[in-house]
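What follows is a short report on a single structure.
Starting from 1, each residue takes its place in the sequence as its number.
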Amino acid sequence: MANVFVYSMEDETASAHFGSAFDRGVELGTVLPSIRDGVQIESLRRFYPDGTCYVWGVPDRGDNRSTWNAMSEDDLVLGYRNRSIVSAATVLMKIDNPSLATALWASQAEGPLRLMSFFNKPHVGEVQIVPQMLGYLDQEFIGFTRLNPEKRENILRAFGSLEIFVRLGLRYDFPFNFRHSE
């Protein structure tokens, strides 16, 4: 069963990388030279036939590796900033590749963002977490975390699937002015 993971983008570095690598995407031609595995290269070409890929990474520190290891294809990943969900995407593939991380984001004080996940084109837009959503999401997230399984179950009971939750619960299928309000 698919899980839900949350990337916090509270710090300036994460926010700056969000726009380039996750929101607008990265040219596949920038990514492929740093990958040596032929299966991964072919998978990326198949996932991104238009040549633009969507990727995000976290450093290999603290609990990040165990959280990243728990992530699988088809899991939902939410971007979080300032008590709002700012993106939602589905995992297509994961790669642990420090040289690719450095090529994409240069060196970071906490180390390269080497634990990378590639996604489908994300839904992007600020959706404030309001009290009506607290059965599904926490008010605040720190770092890179896996959503509490009880909250994931609440989502599935209420919406039937994670995809419907993204489209209707987070209202990414609605114009911005019709989204949740307090």
Side-chain angles (χ1 to χ4, degrees), residues 1-26 54-98 100-102 104-120 122-156 158-159 162-163 165-166 169-172 179-182:
M1 179 173 291
N3 288 295
V4 180
F5 294 85
V6 181
Y7 286 107
S8 175
M9 298 182 224
E10 292 290 337
D11 65 41
E12 288 180 37
T13 303
S15 290
H17 294 316
F18 171 73
S20 62
F22 200 81
D23 182 13
R24 292 184 296 278
V26 174
Y54 302 91
V55 60
W56 192 255
V58 294
D60 188 5
R61 66 178 175 148
D63 292 333
N64 285 352
R65 180 164 293 273
S66 62
T67 302
W68 183 80
N69 283 336
M71 183 186 285
S72 299
E73 186 177 305
D74 295 326
D75 283 345
L76 175 63
V77 178
L78 303 173
Y80 169 87
R81 181 177 49 229
N82 195 25
R83 295 186 179 204
S84 297
I85 299 301
V86 295
S87 65
T90 302
V91 176
L92 300 173
M93 186 171 91
K94 301 183 316 184
I95 295 178
D96 178 357
N97 188 322
L100 175 56
T102 300
L104 291 175
W105 301 298
S107 294
Q108 305 298 314
E110 66 273 8
L113 307 178
R114 66 182 285 167
L115 304 176
M116 292 176 279
S117 305
F118 288 85
F119 308 100
N120 64 340
H123 297 275
V124 177
E126 192 166 322
V127 179
Q128 186 176 13
I129 299 172
V130 294
Q132 299 90 320
M133 298 169 73
L134 294 180
Y136 314 118
L137 299 169
D138 297 331
Q139 187 75 49
E140 295 191 25
F141 293 96
I142 297 172
F144 174 49
T145 61
R146 182 176 176 181
L147 187 67
N148 179 319
E150 182 180 317
K151 294 206 177 206
R152 183 200 68 215
E153 289 302 316
N154 290 345
I155 291 169
L156 294 175
F159 295 94
L162 297 176
E163 181 179 339
F165 169 70
V166 168
L170 296 177
R171 304 186 89 178
Y172 277 120
R179 293 190 186 157
H180 293 284
S181 59
E182 291 188 73

For L78 and L137, run side chain to side chain contact (heavy atoms under 4.5 Å, CB included): C-alpha distance rounded to whole Å, both residues' side-chain angles, the deciding distance at 0.1 Å, then the answer. CA-CA 10 Å; L78 303 173; L137 299 169; 3.7 Å; yes

Are R152 and L76 side-chain neighbours, meaning at least one heavy-atom pair lies under 4.5 Å? no

Sort and list the pairs that fulfil ring-ring contact (aromatic ring centres under 6.0 Å, His included) and have at least one residue in residues 69-89, not counting sequence neighbours. Y80-F141

Side chains of K151 and D138, heavy atoms from C-beta outward: is any pair under 4.5 Å? yes

Looking at D75 and V91, would you say the former's side chain and the latter's main chain have a donor-acceptor pair under 3.5 Å? no

Is the backbone of M116 close enough, under 3.5 Å, to the side chain of W68 for a donor and an acceptor to pair up by distance? yes

Would you indicate whether the side-chain heavy atoms of S72 and N3 approach each other to under 4.5 Å? no

Listed by chain and number, what are the salt bridge (charged side-chain N to carboxylate O under 4.0 Å, His left out) partners of D63, not counting sequence neighbours? none

Under a 3.5 Å distance rule, please check whether Q139 uses its side chain to pair with a backbone N or O of I129 as donor and acceptor. yes

Check whether any side-chain heavy atom of Y136 sits under 4.5 Å from a side-chain heavy atom of L170, and report yes or no. no

Can you tell me how the ring of F165 sits relative to the ring of F159, calling it parallel under 30°, perpendicular over 60° and tilted otherwise? perpendicular

Side chains of F119 and V77: does their closest heavy-atom pair fall under 4.5 Å? yes

Side-chain heavy atoms of F118 within contact of V26, under 4.5 Å: no

Between L147 and I155, is any pair of side-chain heavy atoms under 4.5 Å apart? yes

